[in-house]
Number of protein chains: 4
Amino acid sequence: MDKKEQIIGVATQLFAERGFQNTSVSLICETAEVSKGLVFHHFKSKQELLREIFSRTTELIKDINAADPSCSTPQAQLKDMLESFFAGLAANKSLFQFNLNMMLQPFTRSILQDLIDKRAAFLLQSVRRIFEEIDPENALVLSYGFIAELDGMALHYFSIYEDYPLAEMKNHLLKKYT
Amino acid sequence: MDKKEQIIGVATQLFAERGFQNTSVSLICETAEVSKGLVFHHFKSKQELLREIFSRTTELIKDINAADPSCSTPQAQLKDMLESFFAGLAANKSLFQFNLNMMLQPFTRSILQDLIDKRAAFLLQSVRRIFEEIDPENALVLSYGFIAELDGMALHYFSIYEDYPLAEMKNHLLKKYT
Amino acid sequence: MDKKEQIIGVATQLFAERGFQNTSVSLICETAEVSKGLVFHHFKSKQELLREIFSRTTELIKDINAADPSCSTPQAQLKDMLESFFAGLAANKSLFQFNLNMMLQPFTRSILQDLIDKRAAFLLQSVRRIFEEIDPENALVLSYGFIAELDGMALHYFSIYEDYPLAEMKNHLLKKYT
Amino acid sequence: MDKKEQIIGVATQLFAERGFQNTSVSLICETAEVSKGLVFHHFKSKQELLREIFSRTTELIKDINAADPSCSTPQAQLKDMLESFFAGLAANKSLFQFNLNMMLQPFTRSILQDLIDKRAAFLLQSVRRIFEEIDPENALVLSYGFIAELDGMALHYFSIYEDYPLAEMKNHLLKKYT
DNA sequence: CATGAATGAGCTTTCATTCAT
DNA sequence: CATGAATGAAAGCTCATTCAT
């Protein structure tokens with residue numbers, strides 16, 4: 001019944017499925033069954049709504065990608081990270097799609113620039129912390145490679161290959177990194 | 001003097017820099033210094049223009065990603081492919097950006113669906129042919145992993161990390177695969 | 001102050017005077033002193049606006065053509081019908097013109113197909129009911145002939161003959177049918 | 001092979017079926033398989049093409065409506081006129097439709113004003129000549145009434161009633177006027 | 001006689017946003 | 001908090017017409 005949350009939920013879904021520019025405020029209103037005035041009462045602009053949503057998803061992403069700090073070995077932490085990443089891929093499909101969309105579309109990227117930078121730095125940092133324990137000399141390159149593989153797979157899974165062998169790819173990575 | 005090519009060139013650039021939906025036909029016309037009517041004389045619609053451009057870039061991508069068939073060993077072929085991929089990344093920045101944009105934006109993806117599918121299948125195939133010689137059993141997974149790494153790096157290089165260590169990543173991959 | 005009615009009134013007038021296709025939405029807006037956006041806020045499309053107008057005029061036409069049911073003889077009913085038809089012709093000039101235009105222009109006819117059919121059936125029916133009492137055997141042909149004469153005169157009066165002798169034609173018909 | 005005639009023929013057909021404003025020069029060119037330049041080589045403008053066509057159809061209409069001057073009695077002349085009118089209705093459907101369209105659409109009417117006036121005067125004149133012999137006192141009203149009936153029936157037959165009883169109406173008129 | 005590239009004005013429609021209620 | 005009428009700019013696209021070849 002909280003209409004503000006209703007708007008956010010519907011907008012997230014629609015932005016993920018149709019892209020930001022291809023989703024009009026009118027469509028959001030119809031889908032969420034609220035008036036146009038209300039959207040602009042709660043959010044200064046359509047772009048502000050997007051930023052609110054992106055911020056929220058950053059928190060979710062952080063949770064999903066967080067390595068369990070209680071794990072003793074870095075390998076176990078990587079394993080944990082991979083497990084939750086692949087679990088998230090399947091479970092929060094539209095959330096991942098939303099993020100890829102927003103970060104790659106030049107228009108939305110410019111709106112979200114600062115938020116994207118912060119999130120990307122955080123993710124790199126949390127991976128790097130693990131690789132520093134494994135191979136301090138190559139930690140940065142290894143970290144970049146690791147997340148490149150993950151993001152590349154997400155990209156292929158969501159947008160390119162219809163029958164992507166997600167389970168096999170996960171096992172492949174698990175073998176490789178642990 | 002060939003205004004049709006002029007339109008295609010300008011549109012490619014603008015679509016890459018600003019995205020498809022954020023690039024109006026008017027902007028293309030102003031930039032290319034042609035009339036609006038001419039665009040629709042040569043292309044049935046803005047979407048048809050996009051498809052023409054995407055088809056052309058597919059040919060370019062094929063050339064860039066083509067492994068030298070004269071290379072004796074599969075490792076040499078992979079090396080060759082990596083070299084031309086990273087050379088292309090730097091040289092044809094806007095072309096790569098264009099492709100990532102179009103494939104990830106839901107709206108453009110739906111317009112280009114069939115062309116994307118064909119291209120993706122071709123690229124997978126050309127990589128797979130090499131891995132079949134190296135490790136027939138895991139060829140498919142290895143191929144998917146390989147292109148995931150490449151695409152993931154492209155994605156990070158273009159859209160996420162400002163100071164991406166492209167040269168180091170290239171060396172990292174060369175060591176790993178050859 | 002009711003801008004929606006303002007739009008409908010202006011559009012009816014302009015459609016009648018200039019035809020549907022020769023009346024741009026911009027012209028309607030300028031004349032009605034409303035913004036372009038408002039027209040499409042109230043009507044899904046220009047065609048939808050036309051349908052709304054046509055439906056409304058059907059009601060008016062029904063009123064005008066309605067025979068007084070209190071008249072005892074069918075001849076009196078015909079007389080009544082003729083009187084109100086010719087009164088309407090002179091008084092509601094643009095309304096009749098509008099109707100002829102819309103029904104004869106292939107483009108508008110296709111848009112209004114169903115509405116035209118319903119209205120035509122209704123008018124035929126209400127005339128036929130009278131002729132059934134006069135000459136049941138030839139009622140249908142007489143009815144068709146009757147409305148052919150009326151519509152033919154309207155057509156000539158509005159669109160063809162500059163100095164149409166409307167009064168004389170009315171007397172001619174009154175003599176003939178009563 | 002005479003491309004000018006080809007253009008005229010195609011344009012007549014299309015104007016009749018779709019209306020003048022709803023038929024673009026491009027469509028005429030595609031259908032007639034000629035270039036746009038050629039249309040404007042032969043006709044100064046689209047409106048000029050319309051006038052040429054309308055002039056030509058006037059001649060055809062005159063032929064169809066012409067009473068055989070060899071007929072001895074005015075009744076026989078009326079009969080002859082009715083016969084050829086109804087024959088024409090069925091045989092030259094698109095020609096009649098074209099004429100009704102052009103005369104009723106405000107935009108085309110203004111283009112063809114002078115031609116319409118001349119034709120209408122001619123038709124009235126040729127009918128009147130007959131009625132002058134039958135009933136000189138009421139000749140004008142009878143003439144207007146006669147052509148009103150004919151045009152009204154044409155209008156209903158082409159544009160309003162799907163199952164118009166054309167044959168019965170013809171017999172009705174024949175009985176009435178002969 | 002014939003082509004088709006090129007133009008520019010104008011078309012219908014969409015959209016983010018404002019504001020009185 | 002909530003509505004929806006109202007705006008005005010900009011979008012994609014059509015079209016009659018011109019002109020170099």
Side-chain angles (χ1 to χ4, degrees), chain A residues 1-4 6-7 20-30 32-50, chain B residues 1-4 6-7 20-29 32-49, chain C residues 1-4 6-7 20-29 32-49, chain D residues 1-4 6-7 20-30 32-50:
Chain A
M1 277 303 143
D2 187 333
K3 296 205 179 181
K4 186 176 176 183
Q6 176 75 359
I7 292 168
F20 177 73
Q21 306 209 65
N22 199 36
T23 302
S24 70
V25 176
S26 296
L27 179 59
I28 296 171
C29 293
E30 281 167 40
E33 290 177 314
V34 297
S35 69
K36 251 181 239 188
L38 193 57
V39 170
F40 288 92
H41 174 74
H42 285 302
F43 307 94
K44 221 180 62 197
S45 67
K46 191 188 171 191
Q47 301 194 5
E48 206 53 44
L49 168 59
L50 174 62
Chain B
M1 275 301 146
D2 187 333
K3 298 206 178 182
K4 188 176 176 184
Q6 177 75 358
I7 292 168
F20 177 73
Q21 306 208 67
N22 198 37
T23 302
S24 71
V25 176
S26 296
L27 179 58
I28 296 172
C29 293
E33 291 178 310
V34 298
S35 68
K36 238 182 267 191
L38 190 60
V39 170
F40 292 95
H41 175 69
H42 286 302
F43 308 94
K44 228 178 54 199
S45 65
K46 191 188 171 190
Q47 302 195 5
E48 205 54 44
L49 169 58
Chain C
M1 274 301 145
D2 188 332
K3 297 208 179 183
K4 187 177 176 182
Q6 175 76 358
I7 292 168
F20 177 74
Q21 305 207 66
N22 199 36
T23 303
S24 70
V25 176
S26 297
L27 179 58
I28 296 172
C29 293
E33 291 178 312
V34 298
S35 67
K36 239 180 271 192
L38 190 58
V39 171
F40 292 93
H41 176 69
H42 285 302
F43 308 95
K44 228 179 55 197
S45 66
K46 191 188 171 191
Q47 303 195 4
E48 206 54 42
L49 168 59
Chain D
M1 276 304 143
D2 188 333
K3 297 205 177 181
K4 187 177 176 183
Q6 176 74 358
I7 292 167
F20 177 74
Q21 306 208 66
N22 199 35
T23 302
S24 70
V25 176
S26 295
L27 180 59
I28 296 172
C29 292
E30 279 168 38
E33 291 178 314
V34 297
S35 69
K36 251 182 237 189
L38 192 58
V39 170
F40 289 91
H41 174 75
H42 285 303
F43 307 95
K44 221 180 63 196
S45 67
K46 191 188 171 191
Q47 302 195 4
E48 207 52 44
L49 168 60
L50 174 63

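Naming: A, B, ... by sequence-line order, numbering from 1 per chain. Below, each value reflects all heavy atoms present in this structure, side chains not excepted, and no hydrogens, waters or symmetry copies.
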query = How long is the line joining NZ of Lys3(A) and P of dC1(F), in whole Å?
reply = 11 Å
Nearest-Å distance for atom pair CG/C1', residues Leu38(B) and dC19(F) = 14 Å
query = Which whole-number value in Å describes the distance from Asn22(B) CG to dA10(F) C1'?
reply = 12 Å
inquiry  = Nearest 0.5 Å, please: how far is CG in Leu38(D) from SG in Cys29(D)?
reply    = 8.0 Å
task = Answer yes or no: does a side-chain N or O of His41(B) lie under 4.0 Å from OP1 or OP2 of dT7(E)?
result = no
task = Indicate whether OP1 or OP2 belonging to dG8(F) is found under 4.0 Å from a side-chain N or O atom of Lys36(C).
result = no
note = Value for OG (Ser24(D)) from CD (Glu30(D)), rounded to nearest 0.5 Å, stands at 7.0 Å
Rounded distance in Å - CG (Leu49(B)) to P (dC13(F)) = 10 Å
request  = Go through the steps to decide whether Phe20(B) and Lys46(B) satisfy the test side-chain contact (heavy atoms from CB on, under 4.5 Å), and finish with yes or no.
outcome  = CA-CA 9 Å; Phe20(B) 177 73; Lys46(B) 191 188 171 190; 3.8 Å; yes
task = Would you tell me if any nitrogen or oxygen in the side chain of Ser24(B) comes within less than 4.0 Å of OP1 or OP2 on dA11(F)?
result = yes
ask   = Within this structure, what is the CD-to-P distance between Gln6(B) and dA5(E), rounded to whole angstrom?
value = 17 Å
ask   = With a non-hydrogen cut-off below 4.0 angstrom, is Ser26(C) in contact with a base, only sugar-phosphate, or nothing?
value = base
Partner nucleotide of dA20(F) by Watson-Crick or wobble geometry (both distances under 3.5 Å) = dT3(E)
query = Given atom CZ of Phe40(B) and atom P of dT17(F), what is their separation to the nearest angstrom?
reply = 21 Å
task = Starting from P on dT17(E), measure out to CD1 on Ile7(A) and report it in whole angstrom.
result = 14 Å
query = Looking at side-chain heavy atoms only, is the closest gap between Leu49(C) and Ile28(C) below 4.5 Å?
reply = yes
query = Side chain of Lys3(B), backbone of Ser35(B): donor and acceptor closer than 3.5 Å?
reply = no
request  = Find which nucleotide of DNA chain E each of Gly37(A) and Gly37(D) is nearest to by heavy atoms, and output the residue with the more 5' nucleotide.
outcome  = Gly37(D)
key: Val25(C), nearest nucleotide to its side chain (from dA6(E), dT13(E), dT7(F))   = dT13(E)
inquiry  = With nearest nucleotide decided by heavy atoms, which residue, Gln21(D) or Gln47(B), maps closer to the 5′ end of DNA chain F?
reply    = Gln47(B)
query = CD1 of Ile28(A) versus P of dT14(E): gap in Å, rounded?
reply = 17 Å
key: Assigned partner base of dT14(E), Watson-Crick or wobble definition, under 3.5 Å   = dA9(F)
